[in-house]
Engineer: 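To start, I am sharing the structure in question, which I have written as structure tokens.
Worth knowing before you read on, the calculation uses all heavy atoms, side chains too, and leaves out hydrogens, waters and symmetry mates. All values reported here derive from a predicted model rather than from experimental measurement. Chain A is the first sequence line, chain B the second, and so forth, proteins listed ahead of strands; every chain is numbered from 1.
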Amino acid sequence: MKSSEQQELAEKIFTVIGGIPFGKVASYGQVARLAGFPKHARKVGQLLKNLPHGSTLPWYRVVNSQRRLSFPQDSIKFLEQKSRLQAEGVVFSKNHVIAKCCVWE
DNA sequence: ATGATGACCGCGG
DNA sequence: TCCGCGGCCATCA
């Protein structure tokens with residue numbers, strides 16, 4: 001894959017993430033698909049990992065395909081993402097699974 | 001060049 | 001629900 005395509009891929013992925021509605025979540029794979037790069041779910045995670053700390057991008061609205069957060073339960077990142085989502089009204093069950101109705105369709 | 005590593009995914013068992 | 005496995009692909013040692 002050419003670096004020019006990489007650049008485009010990144011831009012589209014950021015655009016899609018920025019388009020996730022308040023109170024909704026989308027999976028890494030879903031974001032990749034909507035961006036037009038269905039096989040690049042892992043790239044979505046990589047981009048979010050390298051996101052500058054002060055970014056306004058709603059990174060926390062991206063979860064895995066199981067509707068769970070991709071962080072160990074005890075970690076700071078896990079707690080931050082969960083609280084940010086809860087602040088938007090996203091519902092979690094006891095086992096940390098997000099309610100189906102909160103998924104962006 | 002080669003092998004290991006991920007904020008992943010889907011399909012079983 | 002909870003694993004394990006194979007597929008996927010950029011990044012890095």
Side-chain angles (χ1 to χ4, degrees):
Chain A
M1 190 172 218
K2 296 182 300 183
S3 78
S4 58
E5 302 181 283
Q6 279 288 334
Q7 179 59 37
E8 182 193 352
L9 182 161
E11 286 176 14
K12 294 198 172 177
I13 285 177
F14 286 140
T15 299
V16 171
I17 294 177
I20 304 174
F22 181 98
K24 294 287 184 176
V25 300
S27 74
Y28 297 89
Q30 184 180 1
V31 169
R33 265 186 286 108
L34 293 174
F37 296 84
K39 300 176 181 175
H40 293 251
R42 304 194 88 128
K43 186 67 185 178
V44 176
Q46 185 225 348
L47 288 171
L48 292 185
K49 176 163 62 173
N50 300 330
L51 213 56
H53 185 65
S55 175
T56 62
L57 199 72
W59 56 270
Y60 50 86
R61 305 212 266 242
V62 183
V63 302
N64 65 32
S65 68
Q66 313 307 305
R67 280 183 277 123
R68 292 164 152 289
L69 309 189
S70 298
F71 290 113
Q73 250 177 307
D74 44 24
S75 71
I76 298 298
K77 301 293 291 179
F78 180 95
L79 295 174
E80 182 186 354
Q81 184 173 17
K82 183 173 183 181
S83 59
R84 277 179 180 266
L85 288 174
Q86 289 181 317
E88 298 193 347
V90 171
V91 183
F92 287 79
S93 62
K94 286 182 181 177
N95 32 294
H96 307 283
V97 178
I98 294 169
K100 291 190 278 293
C101 60
C102 298
V103 177
W104 185 31
E105 285 320 306

Engineer: Can you tell me if the side-chain N/O atoms of A/S27 get under 4.0 Å from OP1 or OP2 in B/dC8?
Structural biologist: no
Engineer: Check whether any side-chain nitrogen or oxygen of A/S70 sits under 4.0 Å from OP1 or OP2 of B/dA7, and answer yes or no.
Structural biologist: no
Engineer: Take the protein atom CD of A/E8 and the nucleotide atom P of C/dA10, then report the distance between them rounded to whole Å.
Structural biologist: 14 Å
Engineer: Report the distance from atom CZ of A/F37 to atom CD of A/E8, rounding to the nearest 0.5 Å.
Structural biologist: 4.5 Å
Engineer: Rounding to a whole Å, what distance do you find between A/K2:NZ and C/dC9:C1'?
Structural biologist: 18 Å
Engineer: Provide, to the nearest angstrom, the distance between the CZ atom belonging to A/F37 and the C1' atom belonging to C/dC9.
Structural biologist: 13 Å
Engineer: Rounded to the nearest Å, what distance is computed from the NE2 atom of residue A/H40 to the C1' atom of nucleotide C/dT11?
Structural biologist: 14 Å
Engineer: Between N or O atoms, less than 3.5 Å apart, protein on one side and nucleotides 1-4 of chain C on the other: list the pairs.
Structural biologist:
residue	atom	partner	partner atom	Å
C/dT1	OP1	A/N95	ND2	2.8
C/dC2	OP2	A/R68	NH2	3.4

Engineer: Does the A/K24 side chain pair with the main chain of A/C101, one donor and one acceptor, at a distance under 3.5 Å?
Structural biologist: yes
Engineer: Base, sugar-phosphate, or nothing: which does A/Q81 touch, judged by heavy atoms less than 4.0 Å apart?
Structural biologist: nothing
Engineer: Mapping A/R33 and A/V62 onto DNA chain B by nearest heavy atom, which one lands closer to the 5' end?
Structural biologist: A/V62
Engineer: Assess, by modelled atom type and distance only, whether the side chains of A/Q46 and A/K43 contain a donor and an acceptor separated by less than 3.5 Å.
Structural biologist: yes
Engineer: If you pin A/Q46 and A/R42 to their nearest nucleotides in DNA chain C, which one's is more 5'?
Structural biologist: A/R42
Engineer: Does a side-chain N or O from A/K49 land closer than 4.0 Å to OP1 or OP2 of B/dA7, or not?
Structural biologist: yes
Engineer: Output yes when a side-chain donor or acceptor of A/S55 lies under 3.5 Å from a complementary backbone atom of A/L51, and no otherwise.
Structural biologist: no
Engineer: side-chain hydrogen bond (donor to acceptor under 3.5 Å, both in side chains) with A/R84: which of A/Q81, A/E80, A/Q86, A/E88?
Structural biologist: A/E80
Engineer: Please give, in whole Å, the distance from B/dA7 C1' to A/L85 CG?
Structural biologist: 13 Å
Engineer: What is the distance, to the nearest angstrom, from the CG atom on A/L9 to the P atom on C/dT11?
Structural biologist: 10 Å
Engineer: Please confirm whether the backbone N or O of A/P38 pairs with a side-chain atom of A/R33, one donor and one acceptor, at under 3.5 Å?
Structural biologist: no
Engineer: Between A/K39 (NZ) and C/dA10 (C1'), how many Å, whole number?
Structural biologist: 15 Å
Engineer: Under the side-chain hydrogen bond (donor to acceptor under 3.5 Å, both in side chains) definition, can you give me all pairs with a residue in residues 96-105 of chain A, not counting sequence neighbours?
Structural biologist: A/Q73-A/H96, A/K82-A/H96
Engineer: Report the distance from atom CG of A/L47 to atom P of C/dC9, rounded to the nearest whole Å.
Structural biologist: 15 Å
Engineer: Closest to the A/K43 side chain: C/dT11, B/dC9, C/dC9?
Structural biologist: C/dT11
